[in-house]
Amino acid sequence: MPELPEVETVRRGLAPVMEGARFIAVEANRKDLRRPLPRDFARRLTGKTVMALGRRAKYLLADLSSNEVLLMHLGMSGSFRVSVEDRETTPGRFHHRRSGAKPHDHVIFHMSSGARVIFNDPRRFGLMLLVPRTELAEHPLIKQVGPEPLGHAFGGAMLAEACANKKMTLKAALSDQKVVAGLGNIYVCEALHRARLSPKRKASTLASKGGTPNAHSARLVEAIKSVLDEAIVAGGSSLRDHRRTDGELGDFQHRFRVYDREGGACPTPGCRGLIRRIVQSGRSTFFCPVCQK
DNA sequence: CCGCGGGCCTGAGAGC
DNA sequence: TGCTCTCAGGCCCGCG
């Protein structure tokens, strides 16, 4: 499901009920996610406080009072929802409203804020790991990740350098988390369309012969930043199962210009092209062959 | 180094 | 209604 805007939307939804709160209890209903849950997962979390909830690429990072970091990834179908703990009948004990349980609720955090934070993931491509904070930067899943696209440091020069000498296509380069963090199939297609660059173009063409970043690179960076910014403001995209943690749907899917619009009219002003779908690296690419060069 | 195919999983939707 | 087939927002591995 989730690319950077969806993960950031989830982070913003969870932060108010997790930051500064303790894990009162943790239910691990299914431990076989993309990797097995860590040994003693519930015990290692219980009693710990979430100092801060951050995001790096598509990873959520809960900084814990135990000097560990809870690293979470949503895979393709993961989602979080928040519900208020029902403890009215017997104070001090939990009376879960089991009617609210859904299939694939694999992990449930009972927080001292009174919130239940429920991780649901039908396909189980998601991930939860505990990593010592001092080792996080060197962790294999984090170490290789490229620059945050919304950071000030990310600009035309940085993107062009990351793409220099690459023989792969722009679509493949932008999808590569080592080149730039957080983009997935949807936002790569959308950014390339906004920048009017073909997904089939060689990534190395973002720099001129001497390696100097060119106008294409600057345009692409602007396109990436604008589409991500707008998607975050809209609360992400809800194609099938992405919801905000409050259950509300994100809105950005209505503003896709090319994604899943095969045969539709290209929205670029003055362009009379029709959106095409091709397959690159086994994934659908949507683009306008007329204005994306 | 690179593109491609397959695998990991389940569910939704299309077509028959 | 129910079956089969294809496809899906991520990521990893191995092959040629």
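Numbers restart at 1 for each chain; the letters A, B, ... are given by sequence-line order, proteins then strands.
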I want to verify a distance call: between B:dC9, C:dG9, B:dC2, whose nearest atom is closest to the A:F125 side chain?
B:dC9
Among B:dC2, C:dA8, B:dG11, the one nearest any side-chain atom of A:R123 is C:dA8
A:R124 side chain near B:dT10 phosphate (N/O to OP1/OP2, under 4.0 Å)
yes
Using whole Å, report how far CG of A:L174 lies from C1' of C:dG10.
16 Å
Rounded to the Å, how far apart are A:I232 CD1 and C:dG9 C1'?
15 Å
Both atom distances under 3.5 Å, Watson-Crick or G-U wobble: I'd like the secondary structure of DNA chain B as a dot-bracket string, with | for pairs made across strands.
.|||||||.|||||||
For C:dG9, take OP1 and OP2 only and decide whether either is under 4.0 Å from a side-chain N or O of A:Y259.
yes
Rounded interatomic separation in angstrom, taking CG from A:D260 and P from B:dA12
17 Å
Lys/Arg-Asp/Glu bridge criterion (N-O < 4.0 Å) met for A:R276, A:E262
no
Measuring only between side-chain heavy atoms, which start at C-beta, is A:S66 closer than 4.5 Å to A:R44?
no
Report the distance from atom CZ of A:F256 to atom CD1 of A:I275, rounding to the nearest 0.5 Å.
13.5 Å
What integer distance in Å separates A:K202:NZ from B:dC1:P?
16 Å
Measure CD1/A:I186 against P/C:dG9 and give the value in whole Å, please.
7 Å
Using 4.0 Å as the upper bound for N to carboxylate O, is an ion pair formed by A:E135 and A:K143?
no
Criterion side chain to side chain contact (heavy atoms under 4.5 Å, CB included) against A:R81, the qualifying member of A:V117, A:V10, A:N120, A:L14:
A:N120
Exercise: identify the closest heavy-atom pair between A:V227 and A:Y187:
CG2-CD2, 4.0 Å
Distance between P atoms of C:dT6 and B:dG5 (Å, rounded):
15 Å
Within the pair A:H104 and B:dG11, is there a side-chain N or O less than 4.0 Å away from OP1 or OP2?
yes
How is A:G282 classified with respect to the nucleic acid when contacts are heavy atoms under 4.0 Å: base, sugar-phosphate, or nothing?
nothing
Between B:dC9 and C:dC3, how far is it from one P atom to the other, in whole Å?
24 Å
Is it true that, when you exclude A:R22 itself, more than 12 heavy atoms of the residues, nucleotides or ligands shown sit nearer than 6.0 Å to its CZ?
no
Which nucleotide wins on minimum distance to the side chain of A:R277, given the candidates B:dT10, C:dA8, B:dG3?
C:dA8
Please indicate whether A:E161 has more than 12 foreign heavy atoms, meaning atoms of other residues, nucleotides or ligands, lying under 6.0 Å from its CD.
no
So which one's nearest nucleotide on DNA chain B is more toward 5', A:R30 or A:S281?
A:S281
Could you tell me how far apart A:L74 (CG) and C:dA8 (C1') are, to the nearest whole angstrom?
15 Å
Can you check the A:Q280 CD to C:dG9 P distance for me, whole Å?
13 Å
Grab the CG-P distance between A:L4 and C:dG10 for me, whole Å please.
12 Å
Has the side chain of A:T46 got a donor or acceptor atom that lies under 3.5 Å from a matching backbone atom of A:A42?
yes
When you check the gap from the basic side-chain N to the acidic O, do A:E68 and A:R133 get nearer than 4.0 Å?
no
Can you tell me if the side-chain N/O atoms of A:S284 get under 4.0 Å from OP1 or OP2 in C:dA8?
yes
Short N/O separations, protein against nucleotides 11-13 of chain C, under 3.5 angstrom:
from, atom 1, to, atom 2, distance (Å)
C:dC11, OP1, A:H73, NE2, 2.7
C:dC11, OP2, A:K58, NZ, 3.0

